[in-house]
Amino acid sequence: MEIRAARSTDIAEIAPFFRAIVADGESYTYPDDLTDDEIRDAWLAPPPGHTIVAVVDGTVVGTARMGPNKPGRGDHVGTASFMVDPASSARGVGRAMAEWVIRWHRENGYKAIQFNAVVETNVAAVRLWESLGFRIIGTVPRAYRSRRHGLVGLHIMYLELENGS
Ligand SMILES: CC(C)(COP(=O)(O)OP(=O)(O)OC[C@H]1O[C@@H](n2cnc3c(N)ncnc32)[C@H](O)[C@@H]1OP(=O)(O)O)[C@@H](O)C(=O)NCCC(=O)NCCS
């Protein structure tokens, strides 16, 4: 598996699984049926953010975007979002990208990573983040309308990278 910076031309491969994951209704709050151009604008993070793709045998099987969670005085805390093509799930793509993303935050001087909205019923994601050291800071009750589970909570998850000031 190769992990490299995403290019504008990758959107053609990202868009079908992006739309499938959003339509599945269990993880994201993007509107359904975004066009490829809207997905490009939403997903390709401008500097200082960054977007990567995971490529297997020449095919884009996953992508992640990252960058400061807040601007200005909050920009020492990063955030990230992940999507793995359902056809390639549970094969280590998400874990490999997450490890890459944590390293990127360390190398770029971030002191922590905060996930703002992890759907509490998204067991694969919650397990993966916890296995990497993220902890649940709190849960916003009934903040997500899961297609299968109805109103469920959104976890804020947090990984400290560096103690002190
Ligand atoms: C969540 C997601 C990124 C995980 O990526 P993945 O490539 O499928 O996951 P991996 O194969 O790397 O598995 C990593 C861990 O996830 C967990 N996991 C993966 N699939 C799982 C499943 N079906 N059930 C339970 N746990 C699962 C396991 O803890 C696994 O640990 P392991 O490495 O010890 O096996 C991916 O499923 C995805 O894109 N889902 C839809 C979008 C999404 O939920 N994004 C995250 C929003 S917070």
Side-chain angles (χ1 to χ4, degrees), residues 1-4 6 10-34 36 38-40 42-45 49-70 77-105 110 112-161:
M1 181 190 322
E2 179 199 4
I3 294 181
R4 61 160 172 81
D10 293 322
I11 294 299
E13 282 187 271
I14 292 171
F17 66 79
F18 182 107
R19 278 190 281 267
I21 287 169
V22 171
D24 188 49
E26 299 297 344
S27 55
Y28 279 99
T29 56
Y30 290 107
D32 284 341
D33 299 326
L34 291 181
D36 283 20
E38 288 167 334
I39 292 171
R40 181 180 294 109
W43 196 256
L44 293 189
H50 190 57
T51 301
I52 56 169
V53 288
V55 181
V56 174
D57 295 334
T59 300
V60 174
V61 294
T63 181
R65 81 189 298 280
M66 66 213 84
N69 190 43
K70 296 285 182 192
V77 178
T79 191
S81 305
F82 297 80
M83 288 198 185
V84 173
D85 185 342
S88 296
S89 70
R91 291 183 201 164
V93 177
R95 182 178 292 283
M97 290 198 299
E99 288 170 351
W100 195 102
V101 163
I102 292 170
R103 209 163 46 244
W104 181 89
H105 280 85
Y110 288 87
I113 305 173
Q114 176 177 330
F115 294 153
N116 297 301
V118 182
V119 177
E120 67 180 347
T121 44
N122 188 354
V123 176
V126 174
R127 276 198 199 150
L128 175 55
W129 310 146
E130 285 184 329
S131 78
L132 292 164
F134 284 81
R135 62 192 168 91
I136 297 168
I137 295 281
T139 307
V140 185
R142 295 160 62 86
Y144 188 81
R145 294 196 303 278
S146 149
R147 191 175 289 286
R148 295 175 188 77
H149 308 284
L151 286 175
V152 297
L154 286 176
H155 294 318
I156 297 170
M157 298 190 71
Y158 181 79
L159 176 69
E160 194 165 85
L161 299 176

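Indexing begins at 1, ligand by ligand and atom by atom, following the structure's order.
For Arg65 (side chain) and Ala42 (main-chain N/O), a donor-acceptor pair under 3.5 Å exists by modelled atom type. In this structure, the side chain of Thr51 engages the main chain of Ala45 through a donor-acceptor pair within 3.5 Å.
Relative to atom 19 (C) of ligand 1, the option among Ser27, Ala96, Ser131, Ala124 with the closest non-hydrogen atom is Ala124. Of the listed options Ala90, Ala64, Gly94, Ala90 places a heavy atom closest to atom 8 (O) of ligand 1. Selection from Val84, Leu154, Ile21 by nearest heavy atom to atom 36 (C) of ligand 1 gives Val84.
Between Tyr28 and Trp43, the ring planes are perpendicular. Angles over 60° get that label, and only those under 30° would be called parallel.
Here Arg148 pairs with Asp24, Glu26 under the side-chain hydrogen bond (donor to acceptor under 3.5 Å, both in side chains) rule; sequence neighbours left out.
Counting the atoms of ligand 1 from 1 in the order shown, those under 4.0 Å from a heavy atom of Met83 are 39 (O). Proximity to Arg127 (heavy-atom distance under 4.0 Å) selects the following atoms of ligand 1: 25 (C), 26 (N), 29 (O). Here is the list of ligand 1 atoms found below 4.0 Å of a heavy atom in Val93: 7 (O), 12 (O).
Between the CE atom in Met1 and the CH2 atom in Trp100 there is a gap of 13.5 Å [rounded to 0.5 Å]. For the atom pair NE2 (His149) and OH (Tyr144), the distance works out to 10.5 Å, reported to the nearest 0.5 Å. Atom OG of Ser27 is separated from atom CZ of Arg147 by 11.0 Å, given to the nearest 0.5 angstrom. To the nearest 0.5 Å, the span separating NE2 on His155 from CG on Asn116 amounts to 13.5 Å. With rounding to the nearest 0.5 angstrom, the CG atom of Leu44 is 4.0 Å from the CD1 atom of Ile11. Taken from CZ in Arg145 to CG in Leu151, the straight-line distance is 7.5 Å, to the nearest 0.5 Å.
Within a 4.0 Å radius of atom 40 (N) of ligand 1, the protein has no heavy atom. For atom 23 (N) of ligand 1, the nearest protein heavy atom is 4.0 Å or more away. There is a protein heavy atom less than 4.0 angstrom from atom 6 (P) of ligand 1. Atom 28 (C) of ligand 1 lies below 4.0 Å from none of the non-hydrogen atoms of the protein.
With respect to atom 47 (C) of ligand 1, the closest heavy atom belonging to the protein is Tyr28 OH, 3.8 Å. With respect to atom 48 (S) of ligand 1, the closest heavy atom belonging to the protein is Trp129 NE1, 3.5 Å. Counting only heavy atoms of the protein, atom 44 (O) of ligand 1 lies nearest to Asn122 ND2, 2.7 Å. Ranking the protein heavy atoms by distance from atom 4 (C) of ligand 1 puts Leu128 CD2, 4.0 Å first.
At under 3.5 Å, a nitrogen or oxygen of Arg91, whether backbone or side chain, sits near a nitrogen or oxygen of ligand 1. An N or O contact shorter than 3.5 Å is missing between Ser89 and ligand 1 by distance. On a distance-only criterion, Phe82 and ligand 1 share at least one N/O pair closer than 3.5 Å. Below 3.5 Å of separation, one finds an N or O of Arg95 facing an N or O of ligand 1. Residue contacts with ligand 1: Gly92 is placed with a nitrogen or oxygen under 3.5 Å of a nitrogen or oxygen of the ligand (distance criterion only).
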Donor-acceptor contacts, no H, no angles, side chain residues 122-138, under 3.5 Å, sequence neighbours left out:
residue, atom, partner, partner atom, Å
Ser131, OG, Arg95, NH1, 3.2
Ser131, OG, Arg95, NH2, 3.1
Ser131, OG, Leu128, O, 2.8

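In Phe115, neither the side chain nor the backbone holds a heavy atom less than 4.0 Å from any atom of ligand 1.
Put simply, the residue from Val60, Val84, Val61, Val22 that forms a side-chain contact (heavy atoms from CB on, under 4.5 Å) with Phe17 is Val60.
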